[in-house]
Amino acid sequence: ELNIMTNISRAIIAINPDASFNTTNNDVDTIEWLDGTTPIAKESILAKVDELLEAEAAENAKKETDKTNAKAKLKAGEALSDDEIAALFG
């Protein structure tokens, strides 16, 4: 799992792809907005972190399901979906 600062950075960029900012000690309370970037509320950033982590967890779960399904289909001689192939072979 990515560290919280990486998640905070991802969340900020997901909200505002043009945001320019710095933080200290990976602390959301120390965000310094640069180059005229409109500040984003802490609550919005943390909500976006949760949303991104949930989406990542769902994607990981789907990949595991696709991998399991692909293995079962291979054993049964059935065709695989593109997602199942990607889950097995990248």
Side-chain angles (χ1 to χ4, degrees):
E1 181 176 306
L2 299 172
N3 70 39
I4 190 66
M5 185 54 224
T6 301
N7 290 331
I8 288 171
S9 295
R10 287 175 53 214
I12 290 170
I13 297 304
I15 294 167
N16 177 1
D18 298 320
S20 180
F21 59 94
N22 285 325
T23 62
T24 303
N25 297 324
N26 301 332
D27 185 351
V28 71
D29 292 318
T30 66
I31 296 170
E32 176 187 5
W33 300 101
L34 306 173
D35 300 328
T37 299
T38 301
I40 302 168
K42 175 182 172 179
E43 295 76 18
S44 296
I45 295 168
L46 295 176
K48 183 60 79 173
V49 167
D50 289 343
E51 178 185 322
L52 292 172
L53 290 175
E54 288 172 14
E56 189 175 288
E59 179 62 24
N60 288 339
K62 181 185 181 316
K63 285 179 183 176
E64 284 303 311
T65 299
D66 286 343
K67 190 181 291 186
T68 299
N69 290 343
K71 288 177 183 177
K73 285 182 177 181
L74 282 173
K75 286 180 183 178
E78 297 175 15
L80 305 181
S81 73
D82 288 341
D83 286 346
E84 291 166 341
I85 292 169
L88 285 177
F89 303 108

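Along the sequence shown, residues are numbered consecutively beginning with 1. Scope of the values below: all heavy atoms of this structure, side chains included, with no hydrogens, waters or symmetry mates. A quick note: this is a predicted structure, and the numbers were derived from the prediction, not measured.
- Distance CD1/Ile8 to CZ/Phe21: 9.0 Å, rounded to 0.5 Å.
- A search for salt bridge (charged side-chain N to carboxylate O under 4.0 Å, His left out) contacts involving Lys71 returns nothing, not counting sequence neighbours.
- In this structure, Asn69 has no side-chain hydrogen bond (donor to acceptor under 3.5 Å, both in side chains) partners at least two apart in sequence or on a different chain.
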Acceptor/donor pairs from residues 34-41 side chains to any protein atom, 3.5 angstrom cut, sequence neighbours excluded:
| residue | atom | partner | partner atom | Å |
| --- | --- | --- | --- | --- |
| Asp35 | OD2 | Ser20 | OG | 3.1 |
| Thr37 | OG1 | Ser20 | N | 2.9 |
| Thr37 | OG1 | Ser20 | O | 3.4 |
| Thr37 | OG1 | Leu34 | O | 2.8 |

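- Residues satisfying the side-chain contact (heavy atoms from CB on, under 4.5 Å) criterion with Lys63, sequence neighbours excluded, are Glu59.
- Taken to the nearest 0.5 Å, the CG atom of Asn60 stands 11.0 Å off from the OG1 atom of Thr65.
- Considering only residues two or more places apart in sequence or on other chains, Leu52 meets the side-chain contact (heavy atoms from CB on, under 4.5 Å) condition with Arg10, Ala11, Ala14, Lys48.
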Using side chain to side chain contact (heavy atoms under 4.5 Å, CB included), reason through Lys62 and Asp66 one step at a time and then give a plain yes or no.
CA-CA 6 Å; Lys62 181 185 181 316; Asp66 286 343; 2.7 Å; yes
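- Considering only residues two or more places apart in sequence or on other chains, Glu32 meets the salt bridge (charged side-chain N to carboxylate O under 4.0 Å, His left out) condition with none of them.
- By the side-chain contact (heavy atoms from CB on, under 4.5 Å) test, Ser81 is found to be paired with Asp83, Glu84, residues two or more places apart in sequence or in another chain being considered.
- Remark: Asp50 engages no residue in a salt bridge (charged side-chain N to carboxylate O under 4.0 Å, His left out) (not counting sequence neighbours).
- A pairwise comparison of heavy atoms in Ala19 and Ile12 identifies CB-CG2, 3.6 Å as the closest pair.
- Residue Ile45 holds its CD1 atom at 12.5 Å from CG of Asn7, rounded to the nearest 0.5 Å.
- Evaluation of the salt bridge (charged side-chain N to carboxylate O under 4.0 Å, His left out) rule for Asp29 yields Lys42 as partners, not counting sequence neighbours.
- Residues forming a side-chain contact (heavy atoms from CB on, under 4.5 Å) with Glu78 (at least two apart in sequence, or on another chain): Lys73, Ala76.
- In this structure, Ile85 shares a hydrophobic cluster with Leu74, Leu80, Leu88, Phe89, the cluster being traced through Ile, Leu, Val, Met, Phe, Trp and Tyr side chains under 4.5 angstrom apart.
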